[in-house]
Structure formats: C-alpha cells, structure tokens
Engineer: 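This structure is in structure tokens; I'll ask about it shortly.
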Amino acid sequence: MSLPNHLAIIMDGNGRWAQSLGKRRLFGHIKGVGRVREVVKTAAKLNISFLTLYAFSMENWMRPKEEVKLLMNLLIKFLKKETRELNRQNIRLQSIGDTSYLPEEAQTALALAIDSTKGNSGMVLTLALSYGSRQEITQAIRQIIIDHKNGGNSIEEIDEAFVNNYLQTAGMPDPDLIIRTSGEYRLSNFLLWQAAYAEIVIIEKAWPDFVAEDLVRALEEYSSRERRFGKTSAQVCEQSGQGDIRELN
Ligand code: IPE
Ligand code: IPE
Ligand code: MG
C-alpha cells in the first residue's frame with residue numbers, strides 16, 4: 001500500500017454531531033480532541049512523515065464569541081496536556097496560520113509545545129490555527145514585493161519553488177491526501193496552492209466519529225488512486241515517464 005508522505009485532514013462536523021444528539025456544540029469539540037489524539041497516534045505509527053490538521057480557520061474567528069473562547073480553551077488544554085505524549089512519540093509540532101490572533105495564553109502554550117518538541121525526528125505534526133490559504137498567499141505576495149524593493153530578488157527569479165518558499169508551508173512537501181469529514185465537498189480556504197494535486201477523500205462521518213479504522217480505510221482508498229499529475233495513464237504505468245514540466249521549456 002502506498003502511503004501519503006503528507007496527510008492533511010479537515011476535521012469537520014463537531015458541532016452538528018453534538019447537536020444531532022441534542023447536546024451543545026462544545027460537546028462535539030471535546031469529543032473531537034479525543035479523535036485528534038487517536039489519529040495522531042495512528043499516523044505516527046504508520047510512519048507518515050507529515051500530518052497537518054486544520055483545527056481553526058481564519059474565518060472561524062467569525063463564530064459566536066463563546067464558541068471561539070471554548071475552542072481556544074480546548075486548544076490550550078490540548079497543548080499543555082499532550083506535549084509529553086508528543087515527545088514520547090518523537091513527534092515534532094509546528095503550526096501554520098496567523099497565530100498572533102490567538103489569545104496570549106494559547107500563543108504561550110503553543111510556543112512552549114513547539115519548543116519542547118523541536119528536537120524530535122519523527123512525524124511532523126502541523127496544526128493549522130487561525131489559518132487561511134488566501135491570507136497566506138496574500139502575505140507571501142506582499143513579502144515578495146517588499147524583498148524585491150529591497151533588492152532581495154529579481155522578477156525573473158520568481159517561479160513555483162520561489163513562491164513555495166514564501167508560504168508558511170515552506171520546506172514541507174505538498175499534501176498527497178486531504179481527508180475531510182462530515183460529508184462536505186469543499187476546501188474551506190485550506191492549502192489552496194499546496195493542494196494542486198492532492199487526492200481528496202470525503203468521509204461521511206463527522207469528526208467525533210472518525211476512528212483509526214476510518215483513517216486506514218481512507219488510506220486504502222488513496223492507495224488505489226492513480227495519480228497522473230497531468231500525464232496519461234500509460235505514461236504513469238511506464239514509470240519511466242519521470243519527466244517534469246520543465247523539460248518542455
Ligand atoms: C469542526 O467542526 C471544528 C472547527 C471548525 C473548529 P465544526 O465546528 O465546523 O462543526 P460543524 O461543521 O458546524 O458541524
Ligand atoms: C473548516 O471547517 C475549518 C476547520 C475544520 C477548522 P468549517 O466548518 O469552518 O468550514 P465551512 O464553513 O463549513 O466551509
Ligand atoms: Mg464545520
């Protein structure tokens with residue numbers, strides 16, 4: 001079975017899951033944290049190199065104040081509680097997104113967890129927090145122009161790899177597989193540039209119901225896909241067709 005090098009997950013459906021049980025949305029978020037723990041563990045065991053979890057989008061700041069507050073408190077708790085476990089599993093934590101929006105306590109807990117796990121050599125766990133892909137790309141454009149004005153780069157230099165380096169995911173491979181739970185067929189501002197050739201698997205279950213076996217099933221589905229990257233199936237099967245687009249120039 002061919003596993004993704006970089007797996008990204010849009011953890012969706014906590015609120016509706018709780019509401020369908022007659023409970024408050026918070027209940028779903030609490031359950032959801034448990035699933036994060038399980039999925040991180042499973043992915044690390046499977047030797048996946050990069051796991052990226054969409055935990056809070058830029059647009060999620062528009063949710064009711066109480067829900068945002070509760071989510072932030074859950075984040076703080078998670079970071080404080082899980083750091084030891086991440087170290088035990090040799091996982092390196094990092095984040096993408098504009099974390100300057102996070103409450104100070106969350107920023108501190110995040111910085112501490114990142115620092116504490118920075119020496120780990122196993123799976124890289126990236127939390128997308130206060131993350132929006134359009135904002136990320138906009139920020140990259142700004143920085144490229146600033147650097148250009150300061151004489152740091154020439155326009156001719158700007159190619160895909162160059163742009164990649166200005167994104168928050170610089171140094172990370174593109175996601176090979178994006179899983180979204182709760183049956184929604186959209187990216188919701190997640191890794192838009194990076195997802196150019198990602199395989200997408202939509203799971204009908206809500207995130208609080210997503211267990212290790214669901215992850216394994218999604219990985220099997222991924223493994224059965226033929227990734228053509230614009231080529232023909234015959235070329236892909238030959239495997240000799242290793243050429244890339246730059247050879248055309
Ligand atoms: C995902 O579940 C968690 C976050 C976005 C923070 P939701 O809270 O979006 O749950 P639904 O989609 O409204 O059910
Ligand atoms: C995407 O879910 C963000 C996260 C899972 C963190 P949303 O629930 O915010 O997405 P929409 O609003 O349904 O597109
Ligand atoms: Mg949602």
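Remember, it's 1-based here, ligands and their atoms both numbered in the order they're listed.
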Engineer: Under 30°, 30 to 60°, or over 60°: which ring-plane class applies to Phe56 and Trp61, parallel, tilted or perpendicular?
Structural biologist: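 Ring orientation, 0 to 90° scale: perpendicular.
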Engineer: Are the charged groups of Glu221 and Arg217 less than 4.0 angstrom apart, N to O?
Structural biologist: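 So Glu221 does not pair with Arg217 through a salt bridge.
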Engineer: In plain terms, say whether Glu105 and Lys80 are close enough for a salt bridge, that is, a side-chain N and a carboxylate O under 4.0 Å apart.
Structural biologist: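 Yes, charged N to carboxylate O under 4.0 Å.
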Engineer: Is any NZ, NE, NH1 or NH2 atom of the basic residue among Arg16 and Glu184 found under 4.0 Å from an Asp or Glu carboxylate oxygen of the other?
Structural biologist: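 Answer for the salt bridge query: yes.
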Engineer: At a 4.0 Å threshold, what atoms of ligand 2 neighbour a non-hydrogen atom of Ile10?
Structural biologist: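 Matching atoms, with element in brackets: 5 (C).
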Engineer: Which option out of Arg25, Glu184, Met11, Arg63 puts a heavy atom nearest to atom 9 (O) of ligand 1?
Structural biologist: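 Closest candidate by heavy-atom distance is Arg63.
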Engineer: Do you know which two heavy atoms are closest between Leu191 and Ile96, and how far apart they sit?
Structural biologist: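 Looks like CD2-CD1, 4.0 Å.
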Engineer: If you look at every heavy atom in Phe27 and Ala18, which pair is closest and at what distance?
Structural biologist: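 So the two residues come closest at CB-CB, 4.2 Å.
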Engineer: So is Arg180 in contact with ligand 2, going by heavy-atom distances below 4.0 Å?
Structural biologist: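 Judged by the 4.0 Å heavy-atom criterion, Arg180 does count as contacting ligand 2.
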Engineer: Look at the N, O or S atoms of Glu184, main chain and side chain alike, and state whether any lies under 2.8 Å from the Mg ion (ligand 3).
Structural biologist: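 No.
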Engineer: Flag the pair Asn47 / Leu3 as yes when at least one side-chain heavy-atom distance between them is below 4.5 Å, and no otherwise.
Structural biologist: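 With C-beta onward as the side chain, the pair stays apart.
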Engineer: Minimum heavy-atom separation for Arg35 and Trp207, please, with both atom names.
Structural biologist: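 The answer is CG-O, 3.3 Å.
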Engineer: I need the atoms of ligand 2 closer than 4.0 Å to a non-hydrogen atom of Arg186, numbered in the order shown.
Structural biologist: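 Those of ligand 2 that fall under 4.0 Å from Arg186 are 11 (P), 13 (O), 14 (O).
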Engineer: What's the shortest distance from atom 2 (O) of ligand 1 to any protein heavy atom, and which residue and atom give it?
Structural biologist: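 The closest heavy atom on the protein side is Asn14 N, 3.1 Å.
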Engineer: Based purely on interatomic distance, does Gly13 place a nitrogen or oxygen under 3.5 Å from a nitrogen or oxygen of ligand 1?
Structural biologist: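 Indeed, backbone or side chain, Gly13 has an N or O that close.
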Engineer: Any atoms of ligand 2 less than 4.0 Å from a non-hydrogen atom of Phe56? List them with their elements.
Structural biologist: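 Reading through ligand 2 atom by atom, the close ones are 6 (C).
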Engineer: Which atoms of ligand 2 have any heavy atom of Asp12 under 4.0 Å away?
Structural biologist: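 Answer, ordered by atom number: 2 (O), 8 (O).
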Engineer: Between Ala55 and ligand 1, which residue portion shows a heavy-atom distance shorter than 4.0 Å: side chain, backbone, both, or neither?
Structural biologist: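 Backbone only; the side chain of Ala55 stays clear of ligand 1.
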Engineer: Protein heavy-atom contact under 4.0 Å for atom 11 (P) of ligand 2?
Structural biologist: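 Within 4.0 Å: yes, protein heavy atom nearby.
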Engineer: Has ligand 1 got any nitrogen or oxygen that is less than 3.5 angstrom from a nitrogen or oxygen of Asn60?
Structural biologist: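 No: no nitrogen or oxygen of Asn60 is under 3.5 Å from one in ligand 1.
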Engineer: Which class fits the ring pair Tyr131 and Phe190: parallel under 30°, tilted 30 to 60°, perpendicular over 60°?
Structural biologist: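 If you compare the ring of Tyr131 with that of Phe190, the planes turn out perpendicular.
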Engineer: Using distance alone, decide if ligand 1 has a nitrogen or oxygen within less than 3.5 Å of any nitrogen or oxygen in Trp17.
Structural biologist: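 N/O-N/O distance under 3.5 Å: no.
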Engineer: List ligand 2 atoms under 4.0 Å from Ser188, heavy atoms only on the residue side.
Structural biologist: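 Counting atoms of ligand 2 from 1, those under 4.0 Å from Ser188 are 1 (C), 10 (O), 11 (P), 14 (O).
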Engineer: Among the N/O/S atoms of Asp12, select the one at the shortest distance from the Mg ion (ligand 3) and name it.
Structural biologist: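 It is OD1, the N, O or S atom of Asp12 closest to the Mg ion (ligand 3).
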Engineer: Under a single-linkage definition using a 4.5 Å side-chain heavy-atom cutoff for Ile, Leu, Val, Met, Phe, Trp and Tyr, are Ile179 and Met123 assigned to the same hydrophobic cluster?
Structural biologist: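 Same cluster.
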Engineer: Please state whether Gln19 comes within less than 4.0 angstrom of ligand 1, counting heavy atoms only.
Structural biologist: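 No.
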